[in-house]
Amino acid sequence: MDKQAKQRRVALVTGANKGIGRAAATGLAAAGLRVVVGARDPRRGGEAAAAIRAVGGDAHAVELDVTDQATVRAAASWIDEHLGRLDVLVNNAGITGSGQAAPPDALDRVPSAVDVELVREVFDTNVFAVLRVTNAVLPLLRRSPAARIVNVSSHSASLALTAEVDGPMSSLLSAAYSPSKTALNALTLQYANELRAENILVNAAAPGYVDTDINGHSGVLTPEQGAAVVVRLATLGADGPTGGFFSAEGPLPW
């Protein structure tokens, strides 16, 4: 590894083999970072990393199932051994619990009909896994002079927007996905407050309604458009915000 490669900032993106995660990984690589593509499927992760390298980026793939503590520890160990540090963590991996369904069709998430085990599964990936991954790599982030953590949230996480009667979020009934993202926002604030004194900036990003598998490709934005706010928050300067919730248009209400 040459001196320039050693000095290059390192980013880990979870769920980076497709959708917003892959677009974020590609965008970070284009910005000059060495990107670690975290993916449950090693083959798909390898293909995503190869595609980033094919356009001139520096990317490596690691097997990472965010719900499996063993693979989380193994991924952190791999980064430690091969790259020596971590500058950016993007907690992107997430599920709705309804498979590939547009929000209006996800009737299994309506509060009065939801299966509690489905809620538990969604929270395990969207909230508890963020704790698993963040805490596993935090020693590596603390080696960075300017570490950044970005948690990929959603407009539907906003209690203020959801509370607007006849507003854009009030008809999105979800006892699993939306509350999990609200909890993720709360967790973002807790990490931001804890790590503020260490100059580690922690923010939540709302990509918007992006065309991905998670909504049955019903979204109106491209993954690249959705990932733009993630890349921006991951590359904030020293005077950047922490403990915030942002979309491409700016701050969002909690």
Side-chain angles (χ1 to χ4, degrees), residues 11-16 19-21 23-24 38 40 64-69 72 88-98 103 106 109 111 114 116 118-138 141 147-163 169 172-196 200-210 212-215 219 226-227 229-234 236 241-248 250-254:
L12 168 64
V13 183
T14 68
I20 296 168
R40 287 184 300 174
L64 178 55
D65 178 348
V66 297
T67 66
D68 179 359
Q69 187 68 55
V72 170
V88 172
L89 169 62
V90 177
N91 285 306
N92 165 76
I95 62 171
T96 66
S98 300
R109 286 188 277 155
V114 74
V116 172
L118 183 147
V119 178
R120 195 187 309 278
E121 178 185 5
V122 171
F123 267 71
D124 191 28
T125 298
N126 295 359
V127 184
F128 305 145
V130 171
L131 283 161
R132 287 189 198 99
V133 174
T134 302
N135 290 349
V137 302
L138 195 51
L141 288 166
R148 307 287 180 257
I149 300 174
V150 183
N151 295 328
V152 178
S153 185
S154 167
H155 285 76
S156 69
S158 170
L159 294 175
L161 294 178
T162 303
M169 295 293 115
L172 183 63
L173 301 178
S174 171
Y177 179 76
S178 295
S180 76
K181 291 300 186 178
T182 303
L184 176 62
N185 280 4
L187 190 59
T188 299
L189 281 172
Q190 295 296 328
Y191 272 118
N193 287 339
E194 178 185 2
L195 300 174
R196 192 185 309 272
I200 298 177
L201 306 185
V202 188
N203 292 287
Y209 196 27
V210 178
T212 65
D213 286 352
I214 204 170
N215 56 37
V229 64
V230 178
V231 173
R232 180 172 65 81
L233 293 173
L236 288 172
T242 191
F245 180 29
F246 300 93
S247 70
L252 289 170
W254 296 109

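As the structure is a computational prediction, the values presented were derived from the model and not from experiment.
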Looking at every non-hydrogen atom in both residues, tell me the closest pair between [X] and [Y] and how far apart they are.
{"X": "A93", "Y": "G15", "answer": "CB-N, 3.9 Å"}
{"X": "A204", "Y": "T188", "answer": "N-CG2, 3.7 Å"}
{"X": "T134", "Y": "I149", "answer": "CG2-CD1, 4.0 Å"}
{"X": "S174", "Y": "P179", "answer": "O-CD, 3.0 Å"}

Sub-4.5 Å side-chain heavy-atom contact between [X] and [Y]:
{"X": "L252", "Y": "S158", "answer": "no"}
{"X": "Y191", "Y": "L131", "answer": "yes"}
{"X": "V88", "Y": "L12", "answer": "no"}
{"X": "L172", "Y": "S178", "answer": "yes"}
{"X": "R132", "Y": "D124", "answer": "yes"}
{"X": "N185", "Y": "W254", "answer": "yes"}

Distance-only, no hydrogens or angles: does the [X] side chain make a donor-acceptor pair with backbone N or O of [Y] under 3.5 Å?
{"X": "S180", "Y": "Y177", "result": "yes"}
{"X": "N92", "Y": "T14", "result": "yes"}
{"X": "S153", "Y": "A206", "result": "no"}
{"X": "N203", "Y": "P241", "result": "yes"}
{"X": "N151", "Y": "N91", "result": "no"}

Check side chain to side chain contact (heavy atoms under 4.5 Å, CB included) between A205 and all other residues, then give those that pass, not counting sequence neighbours.
->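 Side chain to side chain contact (heavy atoms under 4.5 Å, CB included) check on A205 returns V150, V229, V230, L233.
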What is the ring orientation for F123 with F128, classed by angle as parallel under 30°, tilted 30 to 60°, or perpendicular over 60°?
->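 It falls in the tilted class, 30° to 60°.
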Reference residue L184; test side-chain contact (heavy atoms from CB on, under 4.5 Å); the match among V130, N126, V152 =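 Only match with L184 under side-chain contact (heavy atoms from CB on, under 4.5 Å): V130.
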State whether the number of non-hydrogen atoms from other residues, nucleotides or ligands found under 6.0 Å of R40 atom CZ is greater than 12.
->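 Count not over threshold, so no.
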Going from CG on L195 to CD on Q190, what distance comes out if it is rounded to the nearest 0.5 angstrom?
->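 Atom-to-atom, L195:CG and Q190:CD are 11.0 Å apart.
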